[in-house]
Amino acid sequence: MTQPRPRYAPPEGFARLRLTVAWDGAAYAGWQSQPSAPSVQDTLQVAFLRLTPDVFRPVAAGRTDAGVHAEAMPVHVDVPARFGLPLPRLARALNAHLPPTLAVLDVGTAPPGFHARFSCSERRYVYRLLRTPQRHPLWAGRALHVPGELDASAMNAAATQLTGTHDFAAFATQEDRQTVRELRGLSVVPGQPVWEIHVAGESFLRHMVRGLVGTLLLVGAGKLEPGAVTDILASRQRAQAGANVPAHGLYFSGASYGEEERG
């Protein structure tokens with residue numbers, strides 16, 4: 001039986017806001033605050049500080065790596081209850097203080113008990129592949145260029161065997177947490193000219209998504225049989241799986257919150 005998620009509240013005298021944020025990952029060392037590199041978290045907090053000095057550090061649904069983009073990242077921020085700027089104007093006010101690489105798409109009052117990270121029940125990613133003989137400058141930094149042929153059917157056959165609850169140690173990089181995870185969705189969607197690999201789960205190991213995509217690319221190129229992924233899982237050895245694909249093709253595409261999302 002699934003246990004109900006804990007409910008969270010802002011500190012006394014504060015109100016919790018829920019934001020949806022998007023960014024170009026090339027400009028940041030990831031979401032998490034860094035002592036000597038630009039982060040999304042710090043950049044967003046600086047914009048809030050321009051509007052009110054009493055604001056807590058923003059919290060996101062996921063801690064993306066350097067170079068990873070976000071299309072729709074849920075974030076919560078605790079602001080003073082007396083914060084006077086009307087919510088319909090807040091996104092525009094924040095964006096006036098943010099660089100072109102980062103934008104707040106919408107702002108609203110967070111549902112009771114909401115926490116952007118700990119209340120999250122599913123996180124979704126998309127990895128994009130530019131499937132053209134030649135590179136395209138408008139996709140530079142947005143998709144991984146793959147000039148060779150790929151077998152989408154073989155890739156999806158392998159993806160089916162990876163879906164479910166497994167020990168994903170073979171797909172993680174320098175991970176000291178327990179490595180069993182539930183991969184709820186993994187599918188390859190061919191397009192013209194961009195293919196997408198969709199990934200969904202409650203939580204992921206460090207570089208797990210990029211390792212999964214790298215392994216599927218080996219299958220698609222005929223360098224690995226689809227059934228071999230079960231042996232890779234069983235090995236728990238990182239060297240058995242495909243290399244991590246570059247961060248610039250990866251996008252955080254959305255998240256779900258169950259009862260909190262429904263308010």
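Using a 4.5 Å heavy-atom cutoff, the side chains of V40 and M73 are not in contact. A heavy-atom distance below 4.5 Å is found between the side chains of L183 and L212. The shortest side-chain heavy-atom distance between L129 and V188 does not fall under the 4.5 Å cut-off. Considering only heavy atoms from C-beta on, V146 stays 4.5 Å or farther from W195 through its side chain. No side-chain heavy atom of V213 sits under 4.5 Å from any side-chain heavy atom of L250. Side chains of L44 and V104 form a contact here, defined as non-hydrogen atoms less than 4.5 Å apart.
Cluster membership check: F114 does not share its hydrophobic cluster with L105, using side-chain heavy-atom separations under 4.5 Å among Ile, Leu, Val, Met, Phe, Trp and Tyr. Both V21 and V79 belong to a common hydrophobic cluster when Ile, Leu, Val, Met, Phe, Trp and Tyr are linked at side-chain heavy-atom distances under 4.5 angstrom. L130 and L144 end up in different hydrophobic clusters when Ile, Leu, Val, Met, Phe, Trp and Tyr side chains are linked at under 4.5 Å. Follow the hydrophobic side-chain contacts under 4.5 Å out from V180 and you never reach F168; the two are in separate clusters. The cluster map of Ile, Leu, Val, Met, Phe, Trp and Tyr, joined by side-chain heavy atoms under 4.5 Å apart, puts V59 and F48 in different clusters.
A side-chain donor-acceptor contact under 3.5 Å links W23 to the backbone of V68. Looking at R50, its side chain never comes within 3.5 Å of a backbone N or O of H97 through a donor-acceptor pair. Formation of a donor-acceptor pair under 3.5 Å by the Q41 side chain with backbone atoms of S33 is found in this model. Although no hydrogens or angles enter the test, the distance criterion places a donor-acceptor pair under 3.5 Å between the side chain of R210 and the main chain of V245. With hydrogens and angles ignored, the 3.5 Å screen pairs no side-chain donor or acceptor of H248 with any backbone N or O of A26. Proximity of a side-chain donor or acceptor of H76 to a complementary backbone N or O of A116 within less than 3.5 Å is detected. Checked by atom type and distance alone, the side chain of R238 never pairs as donor or acceptor with a backbone atom of A169 at under 3.5 Å. Of the possible polar contacts, one joining the H69 side chain to the G141 backbone as a donor-acceptor pair under 3.5 Å is found.
A salt bridge between R18 and D106 is absent, with no side-chain N of the basic residue lying under 4.0 Å from a carboxylate O of the acidic one. R181 has no carboxylate O lying under 4.0 Å from a charged side-chain N of E202, or vice versa, which leaves the two without a salt bridge.
When every heavy atom of A9 is checked against every heavy atom of R16, the shortest pair comes out as O-NH2, 3.7 Å. When all heavy atoms of Y257 and A61 are compared, the closest pair comes out as OH-CB, 3.2 Å. Closest of all the heavy-atom pairs between F171 and I232 is CZ-CG2, 3.7 Å.
Side-chain contact of Y8 with S119: a donor-acceptor pair under 3.5 Å is absent, judged by distance alone. A donor-acceptor contact closer than 3.5 angstrom is absent between the side chains of N244 and R206.
For E182, the CD atom is densely surrounded, since the number of other residues' heavy atoms within 6.0 Å is greater than 12. Surrounding CZ of R177 are more than 12 heavy atoms belonging to other residues, nucleotides or ligands, all under 6.0 Å away.
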_Intermediate values then yes/no, side chain to side chain contact (heavy atoms under 4.5 Å, CB included), S253 and E71_ = CA-CA 5 Å; S253 58; E71 296 177 334; 3.5 Å; yes
*May I have the step-by-step check of side chain to side chain contact (heavy atoms under 4.5 Å, CB included) for I197 and L186, ending in yes or no?*
CA-CA 7 Å; I197 299 177; L186 180 62; 4.0 Å; yes
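Between F14 and F56, the ring planes are perpendicular. Angles over 60° get that label, and only those under 30° would be called parallel. Y125 and F204 have perpendicular rings, their planes meeting at more than 60° on a 0 to 90° scale where under 30° would count as parallel.
Under the side chain to side chain donor-acceptor pair (under 3.5 Å) criterion, no residue pair touches residues 152-166, with sequence neighbours excluded. Residue pairs that meet the side chain to side chain donor-acceptor pair (under 3.5 Å) test with at least one member in residues 134-144, sequence neighbours left out, are D24-R142.
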